[in-house]
Amino acid sequence: MSFGWHRIWKDHFVSSLNPGLTADPSVPPQRILDVAGGTGDIAFRMLKQAHIVNQNPDTHVTISDINPAMLAVGRQRAQSLLPASQQASLSFLEADATNFRKQDGTALVESSSIDLYTVAFGIRNFTDIPSALREAYRVLRPGGVFACLEFSKIASTDKNPAAALFDAAYKRWSFSAIPMIGQLVAGDRDSYQYLVESIERFPSQEEFRDMIIDAGFIVGGCGYENLTGGIAAVHKGMKPIDA
Ligand SMILES: C[S@@+](CC[C@H](N)C(=O)[O-])C[C@H]1O[C@@H](n2cnc3c(N)ncnc32)[C@H](O)[C@@H]1O
């Protein structure tokens, strides 16, 4: 549905975070939590970047998802796609990102235990986004980074006629073509209708940035990076060093 752009966005997202950059033995191994990690698309890229590109085999990634079936597919894909060394640096956690706790209140992810929290095309689906952001803040160590890749809004359509045209074409494509293709290809119109509606409902880049700030994070510059004219955007925030 994205004409393959999602792969380019994911590659860009991971290389911009550049996990495993420090191979300094005095720096503890990086602990990455990939939330709503589903079948492992982001986690596998993280491991490749850290272990192969940055030659840092100590970087560890946990894939967390609320859906055990998605995690099961992730486990199978890891076994067939990743070398043993990378499989050993990967773990899986079934958890709701809005509350990383068991029913008895014990933490599934300890406070200040994570260096990098990633969420790609997941947060849009969460029932309570502010709670998820507060949990991200809790589990990150001071200085740790929150990074989100998500569908977003076409940038500045009011002042730019080309962007307005692009926005109109994109809305037409998403609201009429995507559900129809979903029906024809997957026999499932409703899921694809949900996809476009959830994208439309998701806050604008500025609104989401402000939610990240409200959760306690510091953002740099305007707080986000538009991809493909704003069809998707990357938001990043840092937990203050003195938190
Ligand atoms: C579209 S998939 C994204 C998967 C992966 N991050 C990617 O980019 O390919 C969305 C995922 O969000 C998960 N999800 C939805 N609500 C969640 C929640 N409250 N906590 C954790 N995961 C959730 C779903 O189970 C699903 O695997």
Side-chain angles (χ1 to χ4, degrees), residues 1-17 19 32-49 61-78 80-82 90-103 107-109 114 116-140 146-152 174 178-179 181-182 185-186 188 190-203 208 211 215 227-228 231-236:
M1 298 292 172
S2 75
F3 299 110
W5 275 102
H6 67 281
R7 290 197 194 89
I8 295 168
W9 296 331
K10 286 175 181 175
D11 286 346
H12 172 76
F13 180 59
V14 170
S15 60
S16 78
L17 294 164
I32 301 170
L33 181 64
D34 182 39
V35 173
T39 54
D41 262 18
I42 296 296
F44 298 172
R45 283 171 168 79
M46 289 284 179
L47 285 171
K48 187 176 170 202
Q49 181 79 19
V61 183
T62 300
I63 299 179
S64 173
D65 201 287
I66 199 169
N67 185 339
M70 295 294 271
L71 290 171
V73 176
R75 276 198 190 88
Q76 275 172 0
R77 288 184 73 221
S80 58
L81 296 175
L82 300 184
L90 185 63
S91 43
F92 295 86
L93 172 69
E94 185 185 328
D96 180 348
T98 63
N99 184 8
F100 285 115
R101 287 181 195 283
K102 293 187 198 158
Q103 281 186 339
L108 285 165
V109 183
I114 300 296
L116 173 60
Y117 174 118
T118 54
V119 57
F121 303 116
I123 207 162
R124 187 184 78 250
N125 303 300
F126 295 178
T127 45
D128 185 348
I129 296 173
S131 291
L133 291 171
R134 281 194 296 277
E135 275 295 79
Y137 185 89
R138 180 183 70 78
V139 301
L140 279 165
F146 165 86
C148 173
L149 169 63
E150 189 51 88
F151 289 110
S152 206
S174 44
I178 290 180
I181 295 171
V185 176
D188 180 2
D190 289 352
S191 297
Y192 289 85
Q193 185 70 38
Y194 168 79
L195 171 71
V196 291
E197 286 174 5
S198 67
I199 294 170
E200 186 66 15
R201 264 197 313 273
F202 191 66
F208 187 47
M211 291 168 78
L227 306 178
T228 319
I231 292 181
V234 174
H235 283 78
K236 290 179 188 163

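These values consider heavy atoms only, across backbone and side chains, with no hydrogens, waters or symmetry-generated copies. In what follows, residues are counted from 1 in the order of the sequence shown. We count ligands from 1, going down the list as the structure has it; atoms in each ligand are counted the same way.
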Geometric cation-pi criterion Arg138 and Phe100, 6.0 Å radius, 45° cone = no
With sequence neighbours left out, the residues meeting side-chain contact (heavy atoms from CB on, under 4.5 Å) with Ala72 are none
Ordered by chain then number, the protein residues lying under 4.0 Å from ligand 1 by heavy atom are Lys10, Ala36, Gly37, Gly38, Asp41, Asp65, Ile66, Asn67, Met70, Ala95, Asp96, Ala97, Ala120, Phe121, Asn125, Phe126
All salt bridge (charged side-chain N to carboxylate O under 4.0 Å, His left out) counterparts of Arg77, not counting sequence neighbours = Asp41
Listed partners of Asp128 passing salt bridge (charged side-chain N to carboxylate O under 4.0 Å, His left out), at least two apart = none
Lys236 and Leu17: CA distance, side-chain angles, deciding distance, side-chain contact (heavy atoms from CB on, under 4.5 Å) verdict | CA-CA 10 Å; Lys236 290 179 188 163; Leu17 294 164; 3.7 Å; yes
How about Arg134 and Ser131: does a side-chain donor come under 3.5 Å of a side-chain acceptor?
-> yes
